[in-house]
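Here the structure is laid out as structure tokens; the discussion comes afterwards.
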Amino acid sequence: MRISVVGTGYVGLITSICLCEMGHTVTNIDIDDKRIAQLKNGRSVIYEPGLQQLLENNLKERRLLFTIDPRIAYAQADLIFIAVGTPENPDGTANLEYLQEAVYAIASHIEKDVIICTKSTVPVGTNEKIAEMIKDMTPTHLNVSIVSNPEFLREGSAINDFFHGDRIVIGTGDEKAAAVLQELYAPLNTEIMVTDTRSAEMIKYASNAFLATKISFINEIAAICEKVGADISQVADGIGKDKRIGSSFLKAGIGYGGSCFPKDTKALVQLAGHVDHPFELLEAVIGVNNRQHTLAVAKAKEAAGELAGKRIALLGLAFKPNTDDIREAPSLTILKMLIEENADVIAYDPAAVLNIQSIFGNEIQYTENINEALKDADLAIIATEWDQIIQFPLVQYEELMKTPLIIDGRNCYSLSDIERHSITYISVGRSPYAQSAIAKV
């Protein structure tokens with residue numbers, strides 16, 4: 001089959017390259033000529049473990065093509081995946097502008113029967129509207145099938161998720177189109193679900209909303225643990241062993257971020273509101289998460305008093321490890337609060353420094369060297385659980401910092417390890433640990 005993928009973001013680029021790894025030839029199209037030029041030169045436009053090498057390999061094998069020309073991408077395509085962004089509008093609804101532009105371009109250039117698969121996360125009913133647009137714009141002799149094929153890729157492990165996912169969802173009423181997609185995905189040996197289109201659209205939103213709910217739930221339990229003297233790490237481990245609950249997404253911290261959970265939870269609340277169903281549970285989940293983003297600075301002020309003029313090392317900027325994505329990252333809220341407090345901030349991250357620098361400019365300092373970040377710092381705030389942070393020797397906090405005070409928003413270290421060092425350590429959902437000699441900063 002001749003396959004085209006619309007969009008060179010996380011979903012589009014991962015989908016294109018992984019389909020190439022399966023042996024297909026794929027044309028990846030984007031309207032951003034600079035991104036396309038960079039990709040043609042073999043340089044990835046996103047940070048994802050393993051992606052750069054796969055990009056180079058498939059360009060070399062001539063299986064992967066990049067273009068800005070819709071005629072090249074769509075005219076003779078058998079299968080088109082739409083993987084453009086659907087960012088949130090100011091009211092929380094999904095912005096479908098990029099999707100509509102992609103559909104218009106496809107409809108204007110297809111010359112043969114084709115299957116169009118929507119991987120973009122879209123409100124329920126969107127694929128039906130896509131079908132109407134295509135029908136209105138294309139000749140009657142063309143047979144165009146519309147399929148909802150939501151993605152379940154996690155940034156930082158997206159390649160593994162593509163090849164070893166929990167399930168593949170195909171939403172369509174067209175049995176022939178479903179059979180084509182089933183054949184395409186069959187080599188992955190992943191369970192394939194065929195549903196109606198609207199159910200497929202809802203599965204994506206419901207999945208993200210449920211995972212976000214688990215995160216906010218465990219963070220609420222963590223807040224109670226701090227007040228009653230329980231340890232959230234032990235509590236989460238205990239409840240996670242219940243097979244009905246499971247241990248994933250039960251790690252307390254400063255909240256979720258990224259391109260999916262914040263956007264999709266708000267969109268689902270808006271969707272529910274449009275059908276006169278107040279989604280009170282999900283509204284609470286969002287409220288808890290917004291509060292968690294402010295938690296690290298609140299704990300820092302409680303431990304250190306006024307932050308003005310204090311040297312603060314912010315460790316981790318991306319919303320999660322193994323990505324350079326800072327969309328809705330807790331670090332954004334933390335940095336804004338620290339700047340308002342007139343703190344002297346130096347920010348560290350292995351991958352996301354340039355993205356943060358594009359927002360905050362010279363208001364703070366930046367480094368990709370954790371030692372440099374901690375040198376002479378009055379306190380450190382951990383916002384992302386990178387391996388470089390988890391594996392960083394605790395003794396070096398003592399040696400490098402002016403005052404070894406750590407506000408750990410991701411519970412990177414065990415309390416038993418902390419107790420062997422002269423460090424004041426404050427985490428989430430666990431009792432603070434403070435050596436008497438440095439307990440007061």
Side-chain angles (χ1 to χ4, degrees), residues 1-30 35-36 38-46 48-84 102 106 110-120 144-145 147-172 174-194:
M1 288 189 296
R2 285 162 287 197
I3 301 175
S4 291
V5 177
V6 191
T8 58
Y10 271 93
V11 178
L13 193 55
I14 296 294
T15 299
S16 296
I17 290 176
C18 289
L19 286 171
C20 289
E21 281 292 297
M22 294 173 67
H24 300 286
T25 298
V26 179
T27 300
N28 201 173
I29 182 171
D30 200 292
R35 288 175 72 91
I36 291 298
Q38 182 174 330
L39 288 163
K40 282 183 174 180
N41 288 327
R43 292 182 293 117
S44 179
V45 293
I46 59 174
E48 180 72 24
L51 186 62
Q52 179 61 42
Q53 189 60 55
L54 293 183
L55 171 63
E56 294 173 7
N57 293 347
N58 283 287
L59 282 172
K60 183 179 179 181
E61 296 296 326
R62 300 182 182 274
R63 288 194 294 260
L64 182 59
L65 309 172
F66 293 102
T67 186
I68 60 171
D69 188 339
R71 181 183 57 82
I72 293 174
Y74 304 138
Q76 297 301 314
D78 299 304
L79 182 58
I80 300 172
F81 289 96
I82 301 177
V84 298
I106 292 169
I110 54 176
E111 298 177 357
K112 58 184 292 299
D113 294 351
V114 64
I115 299 171
I116 300 173
C117 297
T118 307
K119 280 199 167 293
S120 302
V144 181
S145 299
V147 177
S148 176
N149 181 213
E151 54 82 20
F152 302 98
L153 306 176
R154 298 168 297 170
E155 292 185 34
S157 58
I159 295 170
N160 181 74
D161 289 346
F162 184 94
F163 289 110
H164 306 285
D166 296 321
R167 77 293 202 196
I168 294 168
V169 176
I170 299 170
T172 182
D174 186 330
E175 293 183 0
K176 290 183 178 179
V180 170
L181 270 295
Q182 287 175 300
E183 183 179 356
L184 176 76
Y185 287 125
L188 299 179
N189 293 316
T190 301
E191 180 181 354
I192 298 175
M193 295 178 57
V194 179

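Below, all heavy atoms of this structure are taken into account, side chains as well, without hydrogens, waters or symmetry copies.
- A side-chain donor-acceptor contact under 3.5 Å links D69 to the backbone of R71.
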side-chain contact (heavy atoms from CB on, under 4.5 Å), that's the test. Do I36 and T67 meet it? Break it down for me. CA-CA 6 Å; I36 291 298; T67 186; 5.7 Å; no
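- Here the closest heavy-atom approach between residue V84 and residue S120 is recorded as O-OG, 2.7 Å.
- Summarising the geometry, atom CZ belonging to R154 is positioned 7.0 Å from atom CG belonging to N160; distances are rounded to the nearest 0.5 Å.
- Scanning both residues, I82 and A102, for their nearest heavy atoms gives CG2-CB, 4.4 Å.
- Residues E111 and Q76 have side chains in contact (heavy-atom distance under 4.5 Å, counting atoms from C-beta outward).
- Listed for the N28 side chain is a donor-acceptor partner under 3.5 Å among the backbone atoms of V5.
- Of the possible polar contacts, one joining the R35 side chain to the T8 backbone as a donor-acceptor pair under 3.5 Å is found.
- Shown here for T190 and F163, the closest heavy-atom pair between the two residues is OG1-O, 4.2 Å.
- Contact of the I17 side chain with the F162 side chain is not registered, since no non-hydrogen atoms from C-beta on lie closer than 4.5 Å.
- Between I168 and Q182 there is no side-chain heavy-atom pair separated by less than 4.5 Å.
- In this structure, the side chains of F152 and D161 stay at 4.5 Å or more apart for every pair of heavy atoms.
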Just do the side-chain contact (heavy atoms from CB on, under 4.5 Å) check on Y74 and V6 with the steps written out, would you? CA-CA 10 Å; Y74 304 138; V6 191; 3.4 Å; yes
Would you check, one step at a time, whether the test side-chain contact (heavy atoms from CB on, under 4.5 Å) holds for L79 with L181? CA-CA 9 Å; L79 182 58; L181 270 295; 4.1 Å; yes
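- Residues D174 and V147 form no side-chain contact, since every pair of their non-hydrogen atoms from C-beta on lies 4.5 Å or further apart.
- For T172 (side chain) and A178 (main-chain N/O), no donor-acceptor pair under 3.5 Å exists by modelled atom type.
- Side-chain N or O atoms of N149 include none that pairs as donor or acceptor with a backbone N or O of K119 at under 3.5 Å.
- Between the CG atom in L51 and the CD atom in E56 there is a gap of 10.0 Å [rounded to 0.5 Å].
- Here the side chain of Q52 pairs a donor or acceptor atom with the backbone of G42 at under 3.5 angstrom.
- Shown here for I115 and A177, the closest heavy-atom pair between the two residues is CD1-CA, 3.8 Å.
- Separation of atoms CD1 (I80) and OG1 (T118) is listed at 10.5 Å; rounding is to 0.5 Å.
- Checking side-chain atoms of E48 against main-chain N and O of A158 turns up a donor-acceptor pair under 3.5 Å.
- By the 4.5 Å heavy-atom criterion applied to side chains, S44 and L13 are counted as neighbours.
- The backbone N or O of L153 lies less than 3.5 Å from a partner atom in the side chain of E151, making a donor-acceptor pair.
- To the nearest 0.5 Å, atom CD of residue E21 and atom CD1 of residue I14 are 11.0 Å apart.
- The structure places CZ of R63 at 8.0 Å from CG of N57, a figure rounded to the nearest 0.5 Å.
- The minimum heavy-atom distance between L184 and M1, with the atom names listed, is CD1-CE, 4.0 Å.
- Taking each heavy atom of F66 and K40 in turn, the nearest pair found is O-CE, 2.9 Å.
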Run S16 and L64 through side-chain contact (heavy atoms from CB on, under 4.5 Å) and show every step you take. CA-CA 7 Å; S16 296; L64 182 59; 4.0 Å; yes
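- No side-chain heavy atom of F81 sits under 4.5 Å from any side-chain heavy atom of V26.
- The shortest side-chain heavy-atom distance between P187 and M22 falls under the 4.5 Å cut-off.
- Atoms CZ and CD, on R43 and Q38 in that order, are 4.0 Å from each other to the nearest 0.5 Å.
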